[in-house]
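When a ligand or atom number is given, it counts from 1 through the structure's own listing order.
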Amino acid sequence: MSAAIVAGALVSAGVEAREIVIKFSHVVAENTPKGQGALMFKELAEERLAGKVKVEVYPNSQLYGDAKEMEALALGDVQLIAPSLSKFDRYTKQVQLFDLPFLFDDIAAVDRFQNGPEGRKLLRSMEDKGFIGLGYWHNGMKQISANRPLRSPADAKGLKFRIQASDVLLAQFQALDANPQKMAFSEVYQALQVGTVDGQENTWSNIYSQKFHEVQKHITESNHGIIDYMVVTSTDFWNGLPDDVRSELEAIMEEVTSKVNDLANDINEEAKSNIQKAGTSEIIQLTTEERKAWKEAMAPVWKQFEPEIGAELIAAAEAANGGS
Ligand code: SIN
């Protein structure tokens with residue numbers, strides 16, 4: 001029986017309810033959009049549900065790395081996680097949409113899609129597996145780094161790239177004739193340092209907070225994809241909460257989501273500027289023509305995954321572009 005159900009049973013028996021403990025586990029540093037969001041959620045939940053809810057935040061893969069997060073949630077060992085949207089493909093093929101290269105022009109387009117009917121529906125796409133999405137949190141656009149300057153897609157040929165556990169990202173690097181390797185986030189710095197892999201793709205905030213720029217000589221500002229998150233809980237835990245607690249937590253999640261999403265761009269810009277100041281890696285800007293060449297090289301990935309994702313969903317995401 002979950003902690004929430006025990007607490008509920010005690011209330012109806014007239015016994016003082018025990019505090020509900022929510023463990024929120026994630027893999028990134030605290031000075032990132034997700035790191036900040038988890039702390040804001042804790043602060044608001046403990047303020048507005050004082051005595052009823054306690055939130056324990058475990059950053060930096062302290063409790064679970066990204067290979068184990070979903071299992072831990074299913075087993076009730078944690079109650080909230082926020083994996084990158086690239087890490088759900090074992091549970092829902094549709095969410096692979098977000099990994100299609102060059103799908104969204106910018107994070108404003110991602111936001112429009114996520115807040116539209118198709119995006120909202122995806123939050124419920126894992127309910128049959130026992131998971132509910134409570135909201136989307138932004139990180140930002142991905143950049144690509146290596147110890148070799150990457151100006152044209154041909155420059156990536158033969159290099160080993162760390163990728164998240166996503167078949168779309170695997171196909172994306174295979175389309176460049178590179179060698180992608182799925183690897184947990186917590187292992188990336190060392191893999192770059194010792195040369196197990198030559199490069200990686202990530203947002204400015206993750207690159208800076210993990211110090212990847214100290215072990216990568218070149219970062220290409222490609223903006224070729226996104227890292228965003230779905231905050232997920234288990235259906236057992238969520239549905240077992242007392243109604244008043246659940247509705248307050250829903251309201252808090254909505255408020256925190258809006259704050260994280262407002263902050264994410266600034267956090268990434270600041271991280272980029274700190275990387276520039278550190279002077280350890282060259283930041284490569286692509287011309288329009290150069291960026292087009294990357295887009296064309298990665299384009300075959302769309303057709304490959306269209307049957308699993310669905311042409312209509314892809315079209316809905318594309319329609320979110322250009323609306324700002
Ligand atoms: C994250 O932002 O949660 C991690 C992304 C990654 O694995 O690269």
Side-chain angles (χ1 to χ4, degrees), residues 24-39 41 57-70 72-73 78 80-91 95-96 98-99 101 107 110 114 133-146 160-170 172-173 180-193 196-213 215-216 219-220 222-232 257 260-261 263-265 267-268 270-272 275:
F24 190 154
S25 170
H26 67 80
V27 301
V28 293
E30 291 193 326
N31 57 340
T32 58
K34 179 162 60 181
Q36 291 294 299
L39 292 175
F41 181 81
V57 178
Y58 298 92
N60 285 314
S61 309
Q62 251 168 40
L63 199 55
Y64 295 103
D66 46 25
K68 291 267 180 242
E69 281 187 327
M70 292 294 277
L73 185 61
V78 293
L80 277 183
I81 58 174
S84 138
L85 294 168
S86 311
K87 294 176 184 164
F88 289 104
D89 67 4
R90 280 167 53 202
Y91 304 93
V95 173
Q96 295 184 117
F98 292 101
D99 274 344
I107 293 295
V110 178
Q114 289 173 342
L134 299 176
Y136 294 105
W137 287 0
H138 298 324
N139 186 335
M141 305 299 283
K142 282 187 293 190
Q143 321 305 340
I144 184 166
S145 72
K160 289 183 280 216
F161 284 93
R162 175 271 171 171
I163 55 163
Q164 303 176 73
S166 152
D167 287 347
V168 177
L169 299 180
L170 190 86
Q172 172 191 280
F173 280 99
Q181 297 188 13
K182 293 182 181 176
M183 187 183 288
F185 186 60
S186 58
E187 293 166 20
V188 182
Y189 177 85
Q190 209 191 349
L192 292 169
Q193 190 182 38
T196 311
V197 291
D198 306 301
Q200 63 84 47
E201 51 166 17
N202 231 304
T203 60
W204 293 115
S205 61
N206 278 349
I207 294 173
Y208 180 65
S209 58
Q210 297 298 315
K211 303 190 181 359
F212 295 162
H213 61 292
V215 285
Q216 293 278 266
I219 307 172
T220 300
S222 50
N223 291 320
H224 64 283
I226 61 158
I227 289 190
D228 254 41
Y229 307 108
M230 193 187 286
V231 186
V232 201
T257 297
V260 173
N261 292 348
L263 268 179
N265 188 48
I267 295 177
N268 276 293
E270 194 184 336
K272 179 181 165 189
I275 292 170

List, for ligand 1, each N/O atom that has a protein N/O partner under 3.5 Å away, with both atom names and the distance.
{"residue": "ligand 1", "atom": "2 (O)", "partner": "Asn206", "partner atom": "ND2", "Å": "2.9"}
{"residue": "ligand 1", "atom": "2 (O)", "partner": "Tyr229", "partner atom": "OH", "Å": "2.5"}
{"residue": "ligand 1", "atom": "3 (O)", "partner": "Lys34", "partner atom": "NZ", "Å": "2.7"}
{"residue": "ligand 1", "atom": "7 (O)", "partner": "Lys87", "partner atom": "NZ", "Å": "2.7"}
{"residue": "ligand 1", "atom": "7 (O)", "partner": "Arg162", "partner atom": "NH1", "Å": "3.4"}
{"residue": "ligand 1", "atom": "7 (O)", "partner": "Arg162", "partner atom": "NH2", "Å": "2.9"}
{"residue": "ligand 1", "atom": "8 (O)", "partner": "Arg162", "partner atom": "NH1", "Å": "2.7"}
{"residue": "ligand 1", "atom": "8 (O)", "partner": "Asn202", "partner atom": "ND2", "Å": "2.9"}

Review point. Between Lys34 and Ala82, is there a donor-acceptor pair closer than 3.5 Å when you use the side chain of the first and the backbone of the second?
Key: yes
Practice item. Let me know which of Asn223, Thr220, Asn268 forms a side-chain hydrogen bond (donor to acceptor under 3.5 Å, both in side chains) with Gln143. Key: Asn223
Practice item. Among Asp228, Thr203, Thr257, find the residue that satisfies the side-chain hydrogen bond (donor to acceptor under 3.5 Å, both in side chains) test when tested with His138. Key: Asp228
Revision key, fill the gap. Ser145 and Ile219 have their tightest heavy-atom pair at CB-CG1, 3.9 Å
Exercise for review: Run through Leu169, Asp89, Leu85 and flag the one making a side chain to side chain contact (heavy atoms under 4.5 Å, CB included) with Gln164.
Suggested key: Leu169
Review point. Between Asp66 and Lys87, is there a donor-acceptor pair closer than 3.5 Å when you use the side chain of the first and the backbone of the second?
Key: no
